Amino acid sequence: MTPFEIWQDPQTKVTFYFSHSDENLTTGVMVIPSHTELPKHNRPKAFENLVQVSGKCVMKVFDENENMTERALGVGDTLRMKKGQWHIHSNPYEETSYTLFKAEGDITEIVKVLRENYTKVG
């Protein structure tokens, strides 16, 4: 049995490697293929912390007035988003993006939806 839970979005092929998930903390790595982005989403009950571990990505972050700011993340760059912050994970580059994520708070409902709609890998 693998110590990780691995799920892939059948549409975008973005893959999530969960190392831990409960109502207080969820951690793992998100792998975004080149020229791919996830739909706009948020984490209503959790702070989302990101560290870019390989490749690059662009985070599109929205404020309460729907104004968008783009932030490129290279290896070692970090981003912390507040609870409920709307955002898009995007990889407009040629290489695959690997982003470590840590959600501080409850995202169990989001993980449940992911398990129901994504493809289990491994």
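Any value given below was found using the heavy atoms of this structure, including those in side chains, with hydrogens, waters and symmetry copies removed. This structure is a prediction, so every number in the text was calculated from the model and none was measured.
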**Report entry** Asn67 (side chain) donor-acceptor with Asp63 (main chain) under 3.5 angstrom
**Finding:** no

Query - Side-chain donor or acceptor of Gln52 paired with backbone N/O of Ser54 under 3.5 Å - result: yes

Approximate separation, where rounding is to 0.5 Å, of [X] [atom1] and [Y] [atom2]:
X	Y	atom1	atom2	result
Phe47	Gln85	CZ	CD	11.0 Å
Asn42	Trp86	CG	CH2	4.0 Å
Arg115	Lys120	CZ	NZ	8.0 Å
Thr26	Asp106	OG1	CG	7.5 Å
Asp22	Thr27	CG	OG1	9.0 Å

Query raised in the report: Does a sphere of radius 6.0 Å around CD in Gln11 hold more than 12 heavy atoms from other residues, nucleotides or ligands, not counting ones at 6.0 Å or beyond?
Result: no

Query raised in the report: Should we count NZ of Lys82 as having more than 12 external heavy atoms under 6.0 Å?
Result: no

Query raised in the report: Would you say Phe4 and Leu100 are hydrophobically clustered, going by side-chain heavy atoms of ILVMFWY under 4.5 Å?
Result: yes

Report task. Treating Ile, Leu, Val, Met, Phe, Trp and Tyr as nodes and any side-chain heavy-atom pair under 4.5 angstrom as an edge, say whether Tyr98 and Val75 lie in one connected cluster. Result -> no

Query - Cluster companions of Leu38 among Ile, Leu, Val, Met, Phe, Trp, Tyr (side-chain spacing under 4.5 Å) - result: Trp7, Val14, Phe16, Phe18, Met30, Ile32, Leu50, Met59, Val61, Leu73, Leu79, Met81, Phe101, Ile107, Ile110, Val111, Leu114, Tyr118

Query raised in the report: side-chain hydrogen bond (donor to acceptor under 3.5 Å, both in side chains) with Glu104: which of Arg80, Lys45, Arg43, Lys83?
Result: Arg80

Report summary line: Correct closest heavy-atom pair for Ser90 and Glu37 would be OG-OE1, 3.3 Å

Report summary line: Correct closest heavy-atom pair for Asn91 and Ser97 would be ND2-N, 3.4 Å

Within the 4.5 Å heavy-atom criterion, are [X] and [Y] side-chain neighbours or not?
X	Y	value
Thr78	Asn49	no
His89	Glu48	yes
Tyr93	Ser34	no

Query - Given Thr99, Asp77, Thr36, the one that forms side-chain contact (heavy atoms from CB on, under 4.5 Å) with Cys57 - result: Thr99

Query raised in the report: Given the rule in the side-chain contact (heavy atoms from CB on, under 4.5 Å) test, do Ile88 and Phe62 qualify, once you have shown the distances and angles that lead to the verdict?
Result: CA-CA 9 Å; Ile88 297 170; Phe62 298 84; 3.9 Å; yes

